[in-house]
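Structure record follows, encoded as structure tokens.
Just so we're on the same page: letters track the sequence lines, and every chain starts at 1.
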Number of protein chains: 2
Amino acid sequence: MPPGSNVTADDVAAEAGVSRWTVNRAFKKDASISARSREKVMQAAERLGYVPDLRAASLASDRSNLVALLVDDFANPHKLVMMERLTRVMRREGWDTLLVNTLDKADAGPALINASQRRVDAVILIGLQFDDEVLAAAQHARRFPKLLIFARSSANPDTISIAVDDVSAMKEIAAYVDARGYRRPMFVAGPRTSSAHLLRKETFRDYWIERHGRRPDCVNVDAYDPALSGAAVEAALAGRGADLPDVLVCENDALAIGAIDILRHRLGLRVPEDIAVTGFDDIPQADSLNYQLTTYRQPLTEMAEYLVEVLNSSETRDFSRIFEGRLIERASA
Amino acid sequence: MPPGSNVTADDVAAEAGVSRWTVNRAFKKDASISARSREKVMQAAERLGYVPDLRAASLASDRSNLVALLVDDFANPHKLVMMERLTRVMRREGWDTLLVNTLDKADAGPALINASQRRVDAVILIGLQFDDEVLAAAQHARRFPKLLIFARSSANPDTISIAVDDVSAMKEIAAYVDARGYRRPMFVAGPRTSSAHLLRKETFRDYWIERHGRRPDCVNVDAYDPALSGAAVEAALAGRGADLPDVLVCENDALAIGAIDILRHRLGLRVPEDIAVTGFDDIPQADSLNYQLTTYRQPLTEMAEYLVEVLNSSETRDFSRIFEGRLIERASA
DNA sequence: GATGAATTTGCACGCGCGAGCAAAAACTTT
DNA sequence: AAAGTTTTTGCTCGCGCGTGCAAATTCATC
């Protein structure tokens with residue numbers, strides 16, 4: 001079947017002895033059509049190898065059932081987990097996913113325009129949030145789609161955020177670390193982008209200041225990349241002699257894993273005996289024998305299902321919602 | 001800008017004082033248009049927030065510039081690397097990516113139909129290949145797109161395979177292991193799917209039989225998932241007492257990493273002193289301090305660039321091509 | 001079997017843009 | 001400045017389907 005020869009609904013209509021509209025109705029979920037003619041149509045379609053053209057459908061109906069997934073951070077294994085969960089749930093509900101690699105920070109705007117040209121119904125950011133400039137670009141885009149932030153909280157009223165409560169989650173981690181008797185924590189933070197991104201770090205800091213009157217040490221990493229995290233931690237600990245922290249509280253698992261590798265293999269320290277480590281996300285590796293990382297799990301499936309609800313809804317209210325995660329206690333802290 | 005109000009090329013044309021066709025030409029890369037009117041159009045477009053509608057363009061031109069990326073194996077970290085590389089290169093050249101989660105084996109057919117409804121110009125499989133049944137479904141699909149296999153060789157004449165030479169790569173690994181003096185290898189293989197998939201395993205086996213007259217042990221894992229790999233290796237080694245292999249030759253890094261974790265943390269063995277391990281793919285973790293995995297690297301960027309060439313070409317010859325990879329020697333073997 | 005209600009089917013029109021050609025405009029050449 | 005050449009612009013028609021309504025058919029009821 002060469003690319004040129006397109007079977008259209010008209011062909012199927014002729015084959016089945018019905019009108020073109022009946023053919024297309026046969027492929028709609030709950031269209032007004034009798035079982036008998038649907039059957040006839042389906043058989044004819046099968047014979048001819050017909051499948052409806054979603055481009056045309058989308059053009060005519062002004063709904064694409066397509067969402068853009070913007071990802072800028074492929075070094076973080078958690079992205080893979082989130083992609084899997086999202087695409088699985090979305091596909092089941094008839095939503096397709098446009099994967100857009102936001103090459104770098106400056107590229108977020110063009111990436112958004114790119115998606116906009118396909119007339120996506122929504123744009124999803126996973127694990128990060130829109131810069132204000134990007135948001136402005138989005139608003140300017142001719143067809144302003146829903147802007148969803150998955151697995152990150154955001155205070156921006158123009159976006160819908162589906163995430164766990166960073167504040168209460170981090171408080172739980174802090175309380176856990178505190179209760180375990182650790183007294184010299186160091187926070188390992190990811191890249192500093194805008195506003196709410198710092199929530200976890202600030203929450204931990206505030207907690208510690210309130211309880212112990214001291215501001216915990218902190219190290220910043222430029223990306224959620226285990227290799228970079230390791231390097232940053234090593235640099236931070238170099239030259240401190242015996243004055244080491246007793247626990248590294250990491251903004252997420254990607255950072256934690258890089259830190260653990262460095263502690264063990266470069267600094268010759270044991271985890272958790274010499275330095276404990278906590279993460280966030282509960283990526284698959286966190287549960288591996290090698291890391292046994294104490295971390296915090298978000299209910300991703302539940303969140304993904306809610307996200308699809310939001311996609312399916314035509315209301316325009318603010319759908320932002322906070323989910324309950326839970327601390328996963330393992331050997332690393 | 002509410003969803004209903006669409007700015008079309010006509011609006012921009014009026015604003016700029018030109019015809020609609022001039023507007024659309026202004027957005028085409030090398031269209032026949034004067035610099036002056038393109039400038040006029042672009043400014044008008046900017047003012048109105050206009051971006052061309054790719055659905056309509058695709059409908060009219062019969063080219064979508066969209067490819068479907070079928071992924072079924074989100075447990076393998078290498079998928080993330082390949083996705084990044086592919087989307088990066090493709091986007092630069094104006095190709096968008098539809099990420100299709102092939103939920104399970106039986107779902108490959110429906111996934112293909114799904115993609116076909118968006119009239120993708122090509123379907124890419126990464127790291128696995130089409131089952132024969134799926135291929136049949138694809139052929140049946142009304143618009144038969146290019147079928148590409150990325151990072152796996154395939155003998156099927158209807159598909160285009162872009163990969164390294166599994167046979168020579170595995171021979172190189174085998175020779176390396178052999179030269180290092182290992183004599184009791186065990187091959188850790190991934191899921192058995194069709195035909196060429198077994199290439200690595202068979203190549204290693206044949207090499208070993210030829211050189212040493214013995215058939216190496218082998219363990220099969222149901223998916224490229226470190227956790228499953230660990231379990232399978234543990235089961236295979238249980239009850240063998242001191243009769244252990246001296247090297248695990250793994251079909252890829254995902255399997256190797258799971259194996260290493262088990263060897264170290266469950267069986268109390270050292271890598272490579274007690275048992276060495278080799279992988280395939282050179283995923284980021286292979287280079288981590290923790291694993292230092294000897295593995296085989298494919299030239300992914302080069303391969304992705306070639307893939308885009310294939311996409312851009314309108315010829316129909318067989319574009320399959322073999323690339324040169326190289327052995328990355330690290331501490332694990 | 002006639003009547004009204006409910007279901008099913010058919011259709012005019014439009015979604016936004018591209019191919020390919022003809023008309024117009026802008027340059028060259030003599 | 002006229003004629004020829006090249007570049008630029010405008011336009012007809014069609015891509016395949018959805019919306020919303022009217023016509024036709026089927027079903028239920030008495």
Side-chain angles (χ1 to χ4, degrees), chain A residues 3-41 44-45 48-66 94 116-121 142-143 314, chain B residues 3-41 44-45 48-66 94 116-121 142-143 314:
Chain A
S5 80
N6 282 341
V7 185
T8 80
D10 279 311
D11 303 329
V12 179
E15 171 85 9
V18 296
S19 76
R20 174 174 76 68
W21 291 270
T22 304
V23 171
N24 288 343
R25 264 191 280 253
F27 283 89
K28 290 262 130 201
K29 194 70 180 173
D30 21 45
S32 137
I33 185 176
S34 70
R36 210 158 44 83
S37 46
R38 169 170 270 151
E39 185 60 25
K40 260 196 308 189
V41 169
L48 269 50
Y50 168 79
V51 202
D53 187 328
L54 254 40
R55 296 171 305 180
S58 164
L59 190 59
S61 72
D62 205 41
R63 293 190 70 230
S64 63
N65 270 285
L66 229 202
S116 146
Q117 299 197 180
R118 300 269 176 201
R119 300 297 186 263
V120 297
D121 289 333
R142 147 193 195 191
R143 254 261 313 242
S314 51
Chain B
S5 81
N6 283 339
V7 185
T8 80
D10 279 311
D11 301 330
V12 179
E15 172 86 9
V18 297
S19 76
R20 174 173 76 69
W21 293 270
T22 305
V23 171
N24 288 343
R25 263 191 281 254
F27 283 89
K28 290 261 131 201
K29 193 73 181 173
D30 21 44
S32 137
I33 185 176
S34 71
R36 211 160 42 84
S37 46
R38 169 170 271 154
E39 184 58 25
K40 259 196 310 188
V41 168
L48 269 48
Y50 168 78
V51 201
D53 187 328
L54 255 40
R55 298 170 305 179
S58 164
L59 191 58
S61 73
D62 206 40
R63 292 190 72 229
S64 63
N65 270 285
L66 229 201
S116 147
Q117 299 196 186
R118 300 269 177 201
R119 299 299 186 262
V120 297
D121 290 333
R142 149 192 191 189
R143 255 257 317 238
S314 51

4.5 Å side-chain heavy-atom contact, [X] and [Y]:
X	Y	result
B:S58	B:R63	no
A:Y50	A:V23	yes
A:V7	A:V51	no
B:L54	B:N65	no
B:D53	A:L59	yes
B:I33	B:K28	no

Answer yes or no: does a side-chain N or O of [X] lie under 4.0 Å from OP1 or OP2 of [N]?
X	N	value
B:S37	D:dT9	yes
B:S19	D:dC11	no
A:T22	C:dG10	yes
A:N6	D:dG16	yes

Atom [atom1] of [X] to atom [atom2] of [N]: distance rounded to whole Å?
X	N	atom1	atom2	result
A:N24	D:dC17	CG	P	5 Å
B:I33	D:dT7	CD1	C1'	12 Å
A:R118	C:dC17	CZ	P	14 Å
B:R36	D:dT9	CZ	C1'	12 Å
B:Y50	C:dC17	OH	C1'	8 Å
A:R55	D:dG14	CZ	P	18 Å
A:R63	D:dG18	CZ	C1'	12 Å
A:E39	C:dT8	CD	C1'	17 Å

Separation of A:S116 OG from A:R118 CZ (nearest 0.5 Å): 11.5 Å
Under 3.5 Å between N/O atoms: give me all the protein pairs with nucleotides 19-25 of chain C, atom names plus distance.
| residue | atom | partner | partner atom | Å |
| --- | --- | --- | --- | --- |
| C:dA19 | N6 | B:W21 | NE1 | 3.2 |

May I ask you to say what B:S34 touches in the nucleic acid, namely base, sugar-phosphate or nothing, with a heavy-atom cut-off under 4.0 Å? sugar-phosphate
